[in-house]
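Structure record follows, encoded as structure tokens.
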Amino acid sequence: MPLSTTSLIKFPHLLDRRGSLVFVEGINHIPFDIKRVYYLYDVPTGQKRGGHAHKELRQILIAISGSFEVHLTDGNKNVQYNLNNPSEGLLITPMVWRDLKNFSSNSVCLVMASEIYDENDYHRDYNEFIQKVL
Ligand code: T46
């Protein structure tokens with residue numbers, strides 16, 4: 001699936017004197033049924049996550065706190081997102097290689113996924129991934 005099918009999704013953000021509230025409604029804001037939610041936190045300085053692509057899985061990544069970079073490639077095009085806004089989610093579609101890096105201290109990456117965990121859905125070898133997409 002080409003990189004152009006990835007996108008940033010804006011969620012409703014309500015701000016008043018008590019602070020901010022963001023809500024996500026599956027049926028209204030997420031283009032798949034959410035089957036799994038997980039989060040990454042306490043990522044040590046300099047550590048990277050990702051380093052793989054998924055065959056079928058669709059996911060939305062949100063920087064609930066702090067910031068991190070998401071580097072994506074479909075084998076033809078590369079794009080980088082700097083996620084730092086809790087009211088935005090990055091939709092990553094199948095067959096897109098992702099590298100997550102430069103996590104700020106206190107950062108939390110919340111992920112909503114279209115499927116439960118399945119190791120067979122991963123391409124963890126970059127050369128193998130490239131052979132499939134080119
Ligand atoms: C992605 C980034 C943002 C599970 O058992 N269940 C799960 O739901 C997940 C996500 C992982 N695991 C196990 C599999 C591995 O033994 O946890 C270990 C680390 O998983 P992984 O190498 O996939 O972790 P990340 O942080 O590099 O990548 C994950 C997602 O896999 C990936 O799709 O976009 O978070």
Side-chain angles (χ1 to χ4, degrees):
M1 199 170 275
L3 203 46
S4 55
T5 57
T6 64
S7 61
L8 275 180
I9 298 173
K10 195 88 185 132
F11 303 122
H13 173 211
L14 305 178
L15 173 65
D16 66 27
R17 60 184 171 75
R18 300 167 298 167
S20 285
L21 184 152
V22 173
F23 61 92
V24 179
E25 294 174 340
I27 199 165
N28 287 323
H29 306 127
I30 306 298
F32 52 78
D33 286 337
I34 301 165
K35 297 223 177 91
R36 175 169 53 117
V37 173
Y38 62 93
Y39 33 93
L40 309 175
Y41 65 102
D42 281 353
V43 178
T45 304
Q47 283 293 334
K48 298 175 184 169
R49 309 289 307 210
H52 55 253
H54 288 281
K55 299 172 188 170
E56 303 288 343
L57 188 69
R58 289 181 288 164
Q59 302 198 104
I60 291 178
L61 278 55
I62 306 174
I64 289 292
S65 172
S67 64
F68 51 88
E69 296 172 7
V70 185
H71 298 251
L72 302 176
T73 184
D74 60 5
N76 285 310
K77 285 168 80 177
N78 304 319
V79 66
Q80 176 185 332
Y81 290 92
N82 299 312
L83 295 189
N84 57 16
N85 183 342
S87 66
E88 279 179 357
L90 175 61
L91 171 66
I92 307 182
T93 45
M95 298 306 279
V96 171
W97 189 272
R98 83 282 323 266
D99 290 299
L100 281 67
K101 52 182 95 163
N102 289 330
F103 286 84
S104 67
S105 58
N106 82 346
S107 58
V108 180
C109 172
L110 178 81
V111 183
M112 293 175 280
S114 64
E115 304 296 336
I116 60 169
Y117 172 73
D118 176 8
E119 186 60 35
N120 293 322
D121 185 65
Y122 283 71
H123 281 297
R124 291 193 184 269
D125 182 297
Y126 188 73
N127 293 330
E128 186 186 293
F129 163 73
I130 287 295
Q131 279 175 7
K132 289 279 180 197
V133 290
L134 294 186

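Just follow the structure's listing: the first ligand is 1, and inside any ligand the first atom is 1. Because only heavy atoms are used, hydrogens play no part in the values below, and waters and symmetry mates are left out as well, while side chains stay in.
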| Near ligand 1, which protein residues have a heavy atom under 4.0 Å away? | R36, Y38, L40, R49, G50, H52, H54, Q59, R98, L100, Y117, Y122, R124

| K101/D99 ion pair, N-O < 4.0 Å | no

| Are side-chain N/O atoms of N78 and Q80 paired as donor and acceptor at under 3.5 Å? | no

| task | Could you name each residue pair satisfying salt bridge (charged side-chain N to carboxylate O under 4.0 Å, His left out) that touches residues 61-80, not counting sequence neighbours? | result | none

| note | Contacts satisfying salt bridge (charged side-chain N to carboxylate O under 4.0 Å, His left out) that involve residues 22-51 (not counting sequence neighbours) are K35-E115

| request: Report the residues that fulfil ring pair (Phe, Tyr, Trp, His ring centres under 6.0 Å) with H54, sequence neighbours left out, ordered by chain and then residue number. | output: H52, Y122

| Is there a donor-acceptor contact under 3.5 Å from the side chain of S104 to the main chain of S67? | yes

